[in-house]
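See structure below.
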Amino acid sequence: MAEVSGMFTVQQTMGSVLCCKCGISMQPNAANMCAKCLRSEVDITEGLQKHVEIIHCPECDSYLQPPRSWIKAQLESKELLTFCIKRLKNLNKVKLVNAEFIWTEPHSKRIKVRLRVQKEVLNGAVIEQSYTVEYVVQDQMCESCSRVQANPDQWVAAVQLRQHASHRRTFFYLEQLILKHDAANRAIKIQQLDQGIDFFFGHRSHALKFVDFVSRVVLVRTRNDKKLVSHDHKSNIVNYKYTFSIEICPVCREDLICLPPKVASSLGNIGPLVICTKVSNSISLLDPLTLRHCFLDADQYWRASFKPLLSSRQLVEYVVLDVDMVSEEVNIGGSKYVLADIQVARVSDFGKNDTIFSVRTHLGHFLDSGDYALGYDLYGANSNDLELEKYKGLVLPEVILIKKSYEEKRQKKRGKPRSWKLKSLNMEVDNSGKGRDQEQKMNSEYEQFLRDLEENPDLRFNISLYRDKEYQRSETTSIADVEDVPSIPLEELLADLDLSNIDVEEDDHKGVN
């Protein structure tokens, strides 16, 4: 408006004044002093802690947060930096702008943190200043670690995992789930027994958290008990030892089940002969003759529990002679099935007789003429199951096929290592009463578990597989052999991270530079 009317305007300029201390020209502020003179006159870090002692447990690598809690943190991590800042007193008198670690030798028992703070001083002038806080690390074992070092048997709560089955494949799978989710990180001792695994904890809350984890991944029922250890009548302090018993459902994947009449009728008259296709916190059952399926949760199963008629240890190998498709492909729970009429013969009968079985199976899309399959031989089986006797007039099929067999093709790869590996829990093995036969049985069951992981992608979906650094592909291994036998693709494998190797490589890189 002034420009339009031709009026003269004065441009505003920032004036400067002289510092009242050193006389240097500067922009005016409330104190009329330059930043250098302000720092010489006022120290905003006065009264703030610059030396702090912290307690570190060398066994579990945790730090004491007074009064009694322990926090796990790695060196130069965000968790450790937060812990160090919280240990400072009177830090609320200033405004924290930045915090960072200063490198120190790992064995020096010193942690240094550089802090940058701001504070309003002298008539509203704001000054910013940096200072260093030195933390002296004192080693002292936490309560749980000291209890373990003094006496490993001084546990407070024990969790007993049990399953009444003829194999340990369920425990192998559960072990991998525990490792992936780090569910047993609070256990002070893990002991492997013939019928299951025992976990010992230093606190009851840790055991309860572990029981809750197992209940979410496996179909179980639990019961608990406690035993009085000591009672101080004067201070009214009572010490108990708690025991949690977890019974895992005896039904496993690939088991053949004869449903009780009441259970079969409640599920819409399915079966009564069904196959267990999946086990988690519920079990999935499939009728191989009609492709009808159902699910049972923990309440439904334990209300009228049942045992398998035949387990995977009783599978018999058959050779497929002819395949005739009956139905279209059906998707059930993420898995595809096709009904087919198949003619099979036992591999053990070759050269002895010409017995051929005509069966209906749900594996029509998997099997072709000349393939091998594993199934249950009901023709030659002698079963005394009580549930089976309740069905009068029931005609049993001669064979129920379960899965495709790759045993003949695996014979060519026998003795060759795998490109992947699994981790295992640090367990104490009870070898009392064990012989060579028990050890061979354990090794064969673990080998079968590894084969199940290779053949079933759904089974390995919830576990972690790691690359084997020592694996070297043999020159005699052809691409055709690899494609014929199920294997785990490299995309599903994780790198086995070793922090010690990374530190060494970083030190070498710094030395070169």
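The model shown is predicted, which means the values in this text are computed figures rather than measured ones.
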Whether the side chain of Asp212 engages the backbone of Leu208 through a donor-acceptor N/O pair (distance < 3.5 Å, no angle test) should be reported.
no
Carboxylate-amine/guanidinium contact Asp452 Arg169, below 4.0 Å:
yes
Can you list the steps and then say if Arg168 with Ile197 is a side chain to side chain contact (heavy atoms under 4.5 Å, CB included)?
CA-CA 10 Å; Arg168 297 184 62 89; Ile197 306 175; 3.8 Å; yes
With distance as the sole test, does His365 use its side chain to make a donor-acceptor pair with the main-chain N or O of Lys336 at under 3.5 Å?
yes
Gln176 side chain to Tyr173 main-chain N or O, any donor-acceptor pair under 3.5 Å?
no
Please determine if Lys226 forms a cation-pi arrangement with Tyr240, meaning its NZ or CZ atom is less than 6.0 Å from the six-membered ring centre and no more than 45° off the ring axis.
yes
Can you check salt bridge (charged side-chain N to carboxylate O under 4.0 Å, His left out) on Arg162 and Asp198, steps first, answer last?
CA-CA 9 Å; Arg162 298 291 184 269; Asp198 288 348; 2.9 Å; yes
Evaluate the side chain to side chain donor-acceptor pair (under 3.5 Å) criterion for residues Arg221 and Ser305: first the C-alpha distance (whole Å), next the side-chain angles of each, then the deciding distance (0.1 Å), finally the verdict.
CA-CA 11 Å; Arg221 66 176 174 183; Ser305 60; 5.6 Å; no
Step by step, work out the ring pair (Phe, Tyr, Trp, His ring centres under 6.0 Å) result for Tyr372 and Tyr406.
CA-CA 7 Å; Tyr372 290 86; Tyr406 302 91; over 10 Å; no
For Lys403, is the NZ atom crowded, meaning more than 12 foreign heavy atoms sit under 6.0 Å from it?
yes
Just by modelled atom types, is the Gly268 backbone N or O under 3.5 Å from a matching donor or acceptor in the Arg292 side chain?
yes
Can you say whether the rings of Tyr318 and Phe357 are parallel (under 30°), tilted (30 to 60°) or perpendicular (over 60°)?
perpendicular
Looking at Cys249, is its backbone amide N or carbonyl O close enough to the side chain of Gln163 to form a donor-acceptor pair, meaning the two atoms are under 3.5 Å apart?
yes
Stepwise, does the side chain to side chain donor-acceptor pair (under 3.5 Å) test hold for Asn239 with Ser230?
CA-CA 5 Å; Asn239 292 325; Ser230 62; 2.9 Å; yes
Count the heavy atoms belonging to other residues, nucleotides or ligands that lie under 6.0 Å from NZ of Lys404, then report whether that count exceeds 12.
yes
Sub-3.5 Å donor-acceptor pair from the side chain of Tyr301 to the main-chain atoms of Val220, do we have one?
no
Using the ring-ring contact (aromatic ring centres under 6.0 Å, His included) definition, which of the options Trp155, Phe244, Phe210, Tyr242 pairs with Phe201?
Phe210
I need the single residue from Leu339, Val338, Thr361 that forms a side-chain contact (heavy atoms from CB on, under 4.5 Å) with Val326. Which is it?
Leu339
When the ring planes of Phe172 and Phe449 are compared, do they come out parallel, tilted or perpendicular, using 30° and 60° as the limits?
tilted
Apply the test salt bridge (charged side-chain N to carboxylate O under 4.0 Å, His left out) to residues Arg223 and Glu247: give CA-CA distance (whole Å), side-chain angles for both, the deciding distance (0.1 Å), then the verdict.
CA-CA 9 Å; Arg223 61 180 298 267; Glu247 181 182 355; over 6 Å; no
Minimum heavy-atom separation for Ile190 to Asn426, with atom names?
CB-O, 4.0 Å
For the pair Arg418 and Asp468, evaluate salt bridge (charged side-chain N to carboxylate O under 4.0 Å, His left out) and give the outcome as yes or no after the intermediate values.
CA-CA 8 Å; Arg418 291 181 170 87; Asp468 191 356; over 6 Å; no
Do any N or O atoms from the side chain of Ser464 and from the backbone of Lys180 form a donor-acceptor pair under 3.5 angstrom?
no
Tell me if a side-chain donor or acceptor on Glu79 pairs with a main-chain N or O of Ala73 at a distance below 3.5 Å.
no
